[in-house]
There are 2 protein chains.
Amino acid sequence: MTIAQVAERAGVSTATVSRVLSGRGPVSAAVQRRVRTAADELGYQVNSIARALRNSRTDTVGMVVPSISNPFFTSLVERVEHALGREGKELLLCDARSDPAVEARRLATLVARNVDGIIVSPSHGTLSGAAVQETADRLPLVQLDRFVGGTSTDWVGVDDVAAMRQVMDHLHAGGARSAAFVGSLLTNSSTEQRFAGFRRRADDLGIAVASEHVLLGDYSVEWGETAAARLIAAGGPPDAIVCADDLIALGVTRACRAHGVDVPGRVQVTGYDNIEFARLGEPALTTVDQPRERIAAEAVRLLAAAAADGAGREARGPSAHIALVPSLVVRDSTRADA
Amino acid sequence: MTIAQVAERAGVSTATVSRVLSGRGPVSAAVQRRVRTAADELGYQVNSIARALRNSRTDTVGMVVPSISNPFFTSLVERVEHALGREGKELLLCDARSDPAVEARRLATLVARNVDGIIVSPSHGTLSGAAVQETADRLPLVQLDRFVGGTSTDWVGVDDVAAMRQVMDHLHAGGARSAAFVGSLLTNSSTEQRFAGFRRRADDLGIAVASEHVLLGDYSVEWGETAAARLIAAGGPPDAIVCADDLIALGVTRACRAHGVDVPGRVQVTGYDNIEFARLGEPALTTVDQPRERIAAEAVRLLAAAAADGAGREARGPSAHIALVPSLVVRDSTRADA
DNA sequence: TTGAAAGCGCTAACAT
DNA sequence: ATGTTAGCGCTTTCAA
């Protein structure tokens with residue numbers, strides 16, 4: 001079903017059909033009607049490939065996340081998909097499997113596919129750099145949540161340091177005078193920032209952090225369980241265990257339960273992200289809520305703005321770094337007061 | 001960067017460049033080298049839009065799921081994405097938000113985008129029918145997990161009835177003589193089938209199911225909590241609560257804990273899907289494991305086969321219905337024996 | 001207000 | 001073995 005068939009049936013030229021269907025250009029009311037009728041009868045639908053080739057715009061945005069199965073990224077994907085839908089754009093989703101090499105390949109594919117822009121949460125704090133920068137040089141790109149050093153692209157995320165300040169103040173108010181940090185290896189910006197914020201505020205407040213109380217693994221429930229078990233085995237945990245995300249925290253509280261360590265009585269535990277399952281923990285997790293809706297909306301907005309400015313990094317203005325302020329959600333894994 | 005520029009630099013025609021780059025057609029080794037060098041130097045990348053227009057193949061597959069945020073569908077998406085990646089295909093992901101109208105729109109968009117095929121888990125057992133059938137008439141389509149009545153398309157999923165038989169036998173062995181069913185409204189095939197399987201085997205085994213012990217809401221933790229609270233308030237739950245998915249089961253066990261009802265001592269609880277969080281429930285959920293990897297692989301295989309046969313339902317052979325056998329995963333929310 | 005025609009970048013006949 | 005060329009379906013000058 002092509003525009004030519006519609007044109008023939010309506011007895012007009014293809015140009016006219018195009019004008020009617022795209023609503024651009026002057027067409028008499030009578031012809032408009034004829035064309036629309038013909039199109040309806042034939043069940044015509046534009047061929048978006050041909051249109052894309054002609055317009056060099058695909059109305060498609062690519063998104064690359066470290067792991068689809070991480071509930072935090074899933075909900076980000078969901079939000080982005082909805083935000084794009086509002087603008088009539090489609091989402092091409094890629095899973096980098098936390099591997100910078102896979103990530104680089106996916107980015108290249110997206111470029112080859114002529115997506116209008118790319119939203120990426122880089123899987124690695126340094127190794128993702130080259131591919132991200134190269135991609136950003138070719139088309140609008142915004143980094144989401146995580147970012148990679150040595151690049152100059154738009155970014156939307158939260159102020160991890162400010163968030164950690166809130167977490168530490170809350171724990172301190174709950175009586176914590178020593179703390180452990182359980183995160184992933186410091187190879188991505190999220191963990192880096194969160195750890196930095198943790199450490200800084202711990203110092204300020206005089207909360208002791210033994211060097212063996214910094215445990216770095218990955219973002220998973222399993223790692224949380226392992227880390228907690230290790231803390232418990234090695235002479236018992238400190239007053240608080242601060243986790244770099246909710247999955248880890250869920251693992252930590254689970255291991256504590258398994259070992260008969262009371263949370264929050266004996267040790268307070270905090271998560272990060274406020275995924276849906278955070279409230280289902282036993283006890284329900286105190287965590288940091290990231291304004292995901294807002295993050296997704298800003299990312300899509302930035303992309304649209306960049307696209308309007310024209311492709312190619314240099315053509316556009318300086319990059320925007322939008323750090324939203326997350327909020328602390330207090331539940332039952334911490335104490336309200338001493 | 002076009003093929004023409006590469007051709008000019010290499011001093012050959014565009015046809016030759018195309019032949020070299022696609023590896024089709026005879027080209028002398030010397031020219032091959034010249035072309036490749038030129039392409040590399042220019043950093044040439046195919047324009048997949050132009051290629052798609054020419055070949056009428058996009059190497060893109062569309063996937064529509066009722067809800068991205070449901071962990072079961074998320075993991076299915078992940079598997080499908082990986083399986084497609086192996087064939088050099090991309091995934092265009094759409095969220096139907098459990099709304100047949102949204103779903104119909106997304107399907108239409110995917111058709112307009114000339115995807116090579118569509119994988120859909122219909123959100124509604126009847127209302128999704130028209131759109132799914134229409135889409136299937138136009139291009140290869142396979143239904144995943146759920147299916148919709150009145151359509152004739154390929155389908156891959158599990159045998160829900162067989163799964164429920166296993167569940168009921170296990171509960172019966174654990175001493176259950178009465179049971180409740182908590183699911184979503186019977187508007188999708190999953191719940192329908194599971195409920196049918198539940199009911200049938202309950203009859204066989206002489207397990208009593210009071211009519212007020214069939215509670216239908218939606219696939220969410222909240223609904224599980226509500227339903228369980230209702231069962232507890234109304235004179236106490238039966239010996240077992242069979243849930244149509246893990247989210248519901250997680251809500252049920254949570255409510256039981258909150259109300260001091262021992263699981264599995266006072267009441268046994270089962271889930272379905274074996275999402276990652278199932279093992280994290282308190283107690284860990286006994287549930288039905290769907291072979292997701294296999295489901296995804298079969299779906300992608302069917303799509304490839306259909307594409308090879310040529311587009312348009314009629315052109316292809318009769319549709320395949322592949323029902324895989326799920327397995328029961330016994331954890332701590334049920335009793336091993338009476 | 002409408003039509004004719006060029007051309008987006010690529011591939012595959014067909015010709016040499 | 002290589003080049004010439006038509007054409008995928010659409011939009012947009014330019015001309016009438």
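What you see is a predicted model, and the numbers here were worked out from it, not measured in a lab. Residue numbers begin at 1 in each chain, while the letters A, B, ... track the order of the sequences.
No donor-acceptor distance shorter than 3.5 angstrom exists from the side chain of Arg146(B) to the backbone of Ser189(B), with no hydrogens or angles considered. For Glu192(B) (side chain) and Gly125(B) (main-chain N/O), no donor-acceptor pair under 3.5 Å exists by modelled atom type. Looking only at distances, no side-chain donor or acceptor of Arg292(A) sits under 3.5 Å from a matching main-chain atom of Phe72(A).
Two residues are said to be in side-chain contact when any heavy atoms from C-beta on lie closer than 4.5 Å; Val77(A) and Met63(A) meet this criterion. Here the side chains of Tyr219(A) and Ser67(A) are not in contact, with every heavy-atom distance at 4.5 Å or above.
One end of the helix from dT1(C)-dA16(D) to dT16(C)-dA1(D) points its axis 50° away from the other end's axis, with each axis taken from 5 pairs and the angle rounded to 10°.
For Thr14(A) and dT11(D), the shortest distance from a side-chain N or O to OP1 or OP2 is not below 4.0 Å.
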* To do: Test Thr2(B) against Asn47(B) for side chain to side chain contact (heavy atoms under 4.5 Å, CB included), laying out the working first.
  => CA-CA 8 Å; Thr2(B) 78; Asn47(B) 179 326; over 6 Å; no

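In terms of heavy atoms, Ser319(A) sits closest to Asp154(A) at CA-OD1, 3.2 Å.
Ion pair Arg138(A)/Glu134(A) not flagged as a salt bridge, since none of the NZ, NE, NH1 or NH2 atoms sits closer than 4.0 Å to an Asp/Glu carboxylate oxygen.
Taking a 4.0 Å limit (strictly below) on heavy-atom distances, residues 15-26 of chain A reaches DNA chain C at Ala15(A), Thr16(A), Arg19(A), Pro26(A). Of the residues in residues 1-8 of chain A, those placing a heavy atom less than 4.0 Å from an atom of DNA chain D are Thr2(A), Ile3(A), in numerical order. Using a 4.0 Å cut-off on heavy atoms, the residues of residues 41-60 of chain A that approach DNA chain D are Tyr44(A), Val46(A), Asn47(A), Ala50(A), Arg51(A), Arg54(A), Asn55(A), listed by number.
With a 6.0 Å radius and a threshold of 12 heavy atoms from other residues, nucleotides or ligands, Glu8(A) has its CD atom at or below the threshold.
Partner of Leu110(A) under the side-chain contact (heavy atoms from CB on, under 4.5 Å) criterion, out of Val115(A), Thr60(A), Leu139(A): Val115(A) alone.
Annotation: salt bridge (charged side-chain N to carboxylate O under 4.0 Å, His left out) contacts of Arg106(B) (sequence neighbours excluded): Glu81(A), Glu90(A). Not counting sequence neighbours, the partners of Phe147(A) by the ring-ring contact (aromatic ring centres under 6.0 Å, His included) test are Trp155(A).
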